[in-house]
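Heavy atoms only: backbone and side chains are in, while hydrogens, waters and symmetry mates are out.
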Amino acid sequence: MKKILCIIISLTFIILLCGCDNADTESRVFSQEITIVKLPSPPKCKTSNSNTTVDKVIEILAQIEKSPTPNDVNAGGWSTMIRIKIDGQELVYTLGGNLFTDADGRQYKATNCVEIEKKITKIYNELDVPEVDYP
């Protein structure tokens, strides 16, 4: 009888341990931050920790209609830069004219770059955070 009681108590303890471990894993929250930098000089930026804002910007960036540029072309600057940090990993994108640079540093010609930049600028203007000088 003592053996059965020990087995039941052990199983109960194991189930409780497994249940607590799963709860911690499922409730893990990813930290996200987005900084949108706008030119002209001096650059200004706004930073937000809003998951909704990060999701909106990522969704907009996915809409870019892009085609590769030749490897030796690394033309010009940008007018909008987007820095997204997700759990310590930083992704940087730039837009300017008809060029888009992705987080891997690859540059593309983008047929809808101006439209995308307008959408990002709208989000930037709607952010309810202070605008500061970009360092």
Side-chain angles (χ1 to χ4, degrees):
M1 184 70 154
K2 287 184 182 181
K3 286 183 182 181
I4 293 175
L5 187 60
C6 282
I7 291 173
I8 292 173
I9 291 173
S10 296
L11 286 174
T12 305
F13 183 71
I14 290 171
I15 291 170
L16 287 174
L17 267 178
C18 291
C20 291
D21 187 43
N22 269 350
D24 290 342
T25 304
E26 290 175 8
S27 67
R28 182 166 185 236
V29 176
F30 293 102
S31 65
Q32 296 186 51
E33 178 182 276
I34 186 165
T35 300
I36 302 174
V37 184
K38 299 294 291 172
L39 288 177
S41 201
K44 301 285 185 187
C45 69
K46 290 184 177 182
T47 300
S48 173
N49 293 324
S50 164
N51 293 344
T52 304
T53 302
V54 172
D55 291 344
K56 280 183 191 177
V57 171
I58 289 172
E59 184 179 305
I60 290 169
L61 290 175
Q63 297 171 5
I64 293 178
E65 299 165 2
K66 58 188 180 187
S67 60
T69 58
N71 290 341
D72 59 348
V73 173
N74 192 1
W78 51 269
S79 53
T80 302
M81 179 172 53
I82 301 150
R83 291 183 172 277
I84 300 173
K85 293 180 184 175
I86 300 175
D87 272 354
Q89 180 184 9
E90 184 175 73
L91 308 168
V92 179
Y93 304 90
T94 61
L95 297 157
N98 67 344
L99 296 174
F100 167 72
T101 305
D102 70 9
D104 293 327
R106 289 182 295 237
Q107 193 170 66
Y108 299 90
K109 287 185 181 181
T111 56
N112 63 342
C113 196
V114 173
E115 174 189 331
I116 296 297
E117 199 164 7
K118 284 181 183 177
K119 290 180 180 182
I120 300 291
T121 299
K122 182 177 185 238
I123 290 172
Y124 178 86
N125 290 335
E126 291 173 351
L127 281 175
D128 190 21
V129 295
E131 181 179 61
V132 297
D133 290 336
Y134 182 70

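Under the 4.5 Å side-chain criterion, counting only non-hydrogen atoms from C-beta, Asn49 is not in contact with Gln32. Side-chain contact check for Glu117 versus Trp78: every heavy-atom pair is 4.5 Å or farther apart. Within the 4.5 Å cutoff, the side chain of Asn98 has no heavy atoms near those of the Thr111 side chain. Contact check for Leu95 versus Ile64: side-chain heavy atoms found under the 4.5 Å cut-off. Within the 4.5 Å cutoff, side-chain heavy atoms of Val132 are placed close to those of Cys45. Put simply, the side chain of Glu126 does not reach to within 4.5 Å of the side chain of Thr53, judged on heavy atoms. A heavy-atom distance below 4.5 Å is found between the side chains of Ile34 and Ile82.
Residues satisfying the side-chain hydrogen bond (donor to acceptor under 3.5 Å, both in side chains) test with Tyr93, not counting sequence neighbours, are none.
Residue Cys113 comes nearest to Gly96 through the heavy atom pair SG-N, 4.0 Å, listed as atom of the first residue, atom of the second, then distance.
Annotation: Gln63, atom CD; neighbour count of heavy atoms from other residues, nucleotides and ligands within 6.0 Å is above 12.
Considering Ile36, Thr35, Val37 as possible partners of Met81, the one that fulfils the side chain to side chain contact (heavy atoms under 4.5 Å, CB included) test is Val37. Between Tyr124 and the options Lys46, Lys38, Glu131, a side-chain hydrogen bond (donor to acceptor under 3.5 Å, both in side chains) holds for only Glu131.
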* To do: Start with the C-alpha gap between Glu33 and Ile84, add the side-chain angles, then the distance that decides, and say whether side-chain contact (heavy atoms from CB on, under 4.5 Å) holds.
  => CA-CA 6 Å; Glu33 178 182 276; Ile84 300 173; over 6 Å; no
* Passes side-chain contact (heavy atoms from CB on, under 4.5 Å), Ile116 versus Ile60? Steps please. -> CA-CA 7 Å; Ile116 296 297; Ile60 290 169; 3.7 Å; yes
* Evaluation steps, side-chain contact (heavy atoms from CB on, under 4.5 Å), between Lys109 and Thr69 -> CA-CA 6 Å; Lys109 287 185 181 181; Thr69 58; 3.5 Å; yes
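Once rounded to the nearest 0.5 Å, the distance linking CZ of Arg83 with OG1 of Thr47 reads 10.0 Å. Going from atom CD of Glu115 over to atom CD of Glu65 covers 7.0 Å, rounded to the nearest 0.5 Å. Taking CG from Leu99 and NZ from Lys66, the interatomic distance works out to 13.0 Å, rounded to the nearest 0.5 Å.
No donor-acceptor pair under 3.5 Å is formed between the side chain of Asp104 and the backbone N or O of Arg106.
Linking Ile, Leu, Val, Met, Phe, Trp and Tyr whenever their side-chain heavy atoms come within less than 4.5 Å leaves Tyr108 and Val114 in two separate clusters.
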